[in-house]
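Everything below concerns the one structure shown next.
A note on names: the letters A, B, ... follow the listed sequences, proteins ahead of strands, and every chain is numbered from 1. Small disclaimer: the values here were computed from a predicted structure and weren't measured.
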There are 2 protein chains.
Amino acid sequence: MNENNPNDIIQQFRVASRKYSDASIFMHEAIARKAGLTGSDHKYLGLILQHDQLTAGDISKLTGLTGGAVTGLIDRLEKKKLLKRQFTKDDRRKVIIIPNMENSMKLLQPIFSELQRKTTDLLATFSEKEIQIIKRYFTEATVIMNETTNNLNNK
Amino acid sequence: MNENNPNDIIQQFRVASRKYSDASIFMHEAIARKAGLTGSDHKYLGLILQHDQLTAGDISKLTGLTGGAVTGLIDRLEKKKLLKRQFTKDDRRKVIIIPNMENSMKLLQPIFSELQRKTTDLLATFSEKEIQIIKRYFTEATVIMNETTNNLNNK
DNA sequence: TTTATTTATTTTAGCAACTGAAATATTTAG
DNA sequence: CTAAATATTTCAGTTGCTAAAATAAATAAA
């Protein structure tokens, strides 16, 4: 039962990993509140900001929200000038959503800045090699989680 | 601008870290849906299960929910037999909540099992020393996120 | 004591965001 | 040129939230 038993190490790792997830969810919501957004809107805005532009339908697929919910989401974010609707001659049924990165950054960056400074300091305590190791874990765990999500949703 | 530039490595790390967070949030919700819970109820159940017992008030502090919302949360989880209310002679205003770990596991474990197998396999591709490095990152990043959350909420 | 204050939970009224379905508008296919 | 398909919005109903009032019990004060 000493702490170098591989099973104990993995068990401790899982505990640390779960606490990390819990903490990141709560922080995400605290940031949202501070920015005057709901946790949901903040989460989906983060996804939308990763694209140059996308349609309402794309957002529906990306988020899993129904069409009606997407309309509401876009309404709220547009009112806050964090994105805008753009109508196109190409296919006039579609609505192209253009994220406003500048306004979004202006809103979120000040809230993030302390966090970003602290994580930069934390990363400085790891070697480049160690950072690569952690990055590999993140990347491969992300693949696994996305697979799991797809399996759960499509059956 | 080669990929060994430290700033690039950190930038790539941040991207991987954000994708990991996004994936974990979506998976968490997919698991919840599969288990017949809302994302919220699943999240809070996870917190409650980390305790042997706690009061309604404790849950309110733990989750940040108001009293009324906690009553609703307990009602829904009690109806699903994932916890129970227990009244005590000691202080009859209080309601002690006893999580039902067995039923919760019976509900969630089958959904988790594939994920757990895959992450075990993933961890097997890292040395003990590497796992300790990742664990340290998780642990210290968790402290930073909790600090950030507290700072945001208390002012 | 017995009364007032504090503490713990539940109930209530109102609100915000979601779903599923119907409505609207436009494009594509027959 | 009509029918079917596609993209978004609107609508009605539901759920879970907040804030405040109600209820109940414990503690402190007179």
Partner set under side-chain hydrogen bond (donor to acceptor under 3.5 Å, both in side chains) for A:Lys135, not counting sequence neighbours: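 Applying side-chain hydrogen bond (donor to acceptor under 3.5 Å, both in side chains) to A:Lys135 gives B:Gln12.
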Checking [X] now: which residues fulfil side chain to side chain contact (heavy atoms under 4.5 Å, CB included) with it, not counting sequence neighbours?
| X | value |
| --- | --- |
| B:Ile10 | A:Leu123, B:Arg14 |
| A:Arg18 | A:Asp22, B:Gln50 |
| A:Lys118 | A:Glu114, B:Ile144, B:Glu147, B:Asn151 |

Is the shortest heavy-atom distance from the side chain of B:Phe26 to the side chain of A:Met145 under 4.5 Å?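 When only atoms from C-beta onward are counted, A:Met145 and B:Phe26 do not touch, as no gap falls below 4.5 Å.
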Determine all donor-acceptor pairs shorter than 3.5 Å in which one atom belongs to a side chain in residues 64-76 of chain B; sequence neighbours excluded.
{"residue": "B:Thr71", "atom": "OG1", "partner": "B:Gly67", "partner atom": "O", "Å": "3.3"}
{"residue": "B:Asp75", "atom": "OD1", "partner": "B:Arg85", "partner atom": "NH1", "Å": "3.0"}
{"residue": "B:Asp75", "atom": "OD1", "partner": "B:Arg85", "partner atom": "NH2", "Å": "2.9"}
{"residue": "B:Arg76", "atom": "NE", "partner": "B:Asp41", "partner atom": "OD2", "Å": "2.8"}
{"residue": "B:Arg76", "atom": "NH1", "partner": "B:Gly72", "partner atom": "O", "Å": "3.3"}
{"residue": "B:Arg76", "atom": "NH2", "partner": "B:Asp41", "partner atom": "OD1", "Å": "2.9"}

May I have all residue pairs that pass salt bridge (Lys or Arg N to Asp or Glu O under 4.0 Å) and include part of residues 42-55 of chain B, sequence neighbours excluded?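 Output for this query lists A:Glu29-B:Lys43.
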Going by ring-ring contact (aromatic ring centres under 6.0 Å, His included), name the residues that satisfy it together with A:Phe13, two or more places apart in sequence or in a different chain.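 A:Tyr137, B:Phe138.
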Contact list please: residues 85-95 of chain A against DNA chain D, heavy atoms, distance less than 4.0 Å, in numerical order.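 Residues of residues 85-95 of chain A that come under 4.0 Å of DNA chain D are, in numerical order, A:Arg85, A:Arg93, A:Lys94, A:Val95.
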Let me check something: any side-chain donor-acceptor pairs from residues 96-108 of chain B under 3.5 Å, sequence neighbours excluded? List them with distances.
{"residue": "B:Asn100", "atom": "OD1", "partner": "B:Glu102", "partner atom": "N", "Å": "3.2"}
{"residue": "B:Asn100", "atom": "OD1", "partner": "B:Asn103", "partner atom": "N", "Å": "2.9"}
{"residue": "B:Asn103", "atom": "ND2", "partner": "B:Lys81", "partner atom": "O", "Å": "3.0"}
{"residue": "B:Ser104", "atom": "OG", "partner": "B:Asn100", "partner atom": "O", "Å": "2.8"}

Show which residues join B:Val143 in its hydrophobic cluster (side-chain heavy-atom contacts under 4.5 Å, direct or indirect), or state none.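 None; B:Val143 is a cluster of one.
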Any base atoms under 4.0 Å from A:Ser60, or only sugar-phosphate, or nothing? Heavy atoms, all strands.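 The answer is nothing, as A:Ser60 stays clear of every strand by at least 4.0 Å.
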Watson-Crick or G-U counterpart of D:dA30, or none if no pair lies under 3.5 Å: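 D:dA30 is paired with C:dT1.
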Segment of DNA chain D, first to last nucleotide, that comes within the 4.0 Å heavy-atom reach of chain B: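 In short, chain B contacts DNA chain D from D:dG16 to D:dA26.
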Starting at atom CD1 of B:Ile59, determine the distance to atom P of C:dT9, rounded to an integer number of angstrom.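 Answer to the nearest Å: 9 Å.
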Provide, to the nearest angstrom, the distance between the CG atom belonging to B:Leu54 and the C1' atom belonging to C:dA8.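 Value for this atom pair: 14 Å.
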5'-most by nearest nucleotide on DNA chain C - A:Tyr44 or B:Ala56: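 In this pair, the answer is B:Ala56.
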Within residues 67-77 of chain B, which residues have any heavy atom lying less than 4.0 Å from an atom of DNA chain C?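 Heavy-atom cutoff 4.0 Å gives B:Gly67, B:Gly68, B:Thr71.
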B:Thr149 vs B:Asn146, test: side chain to side chain donor-acceptor pair (under 3.5 Å). Steps then yes/no. CA-CA 5 Å; B:Thr149 304; B:Asn146 286 336; 5.0 Å; no
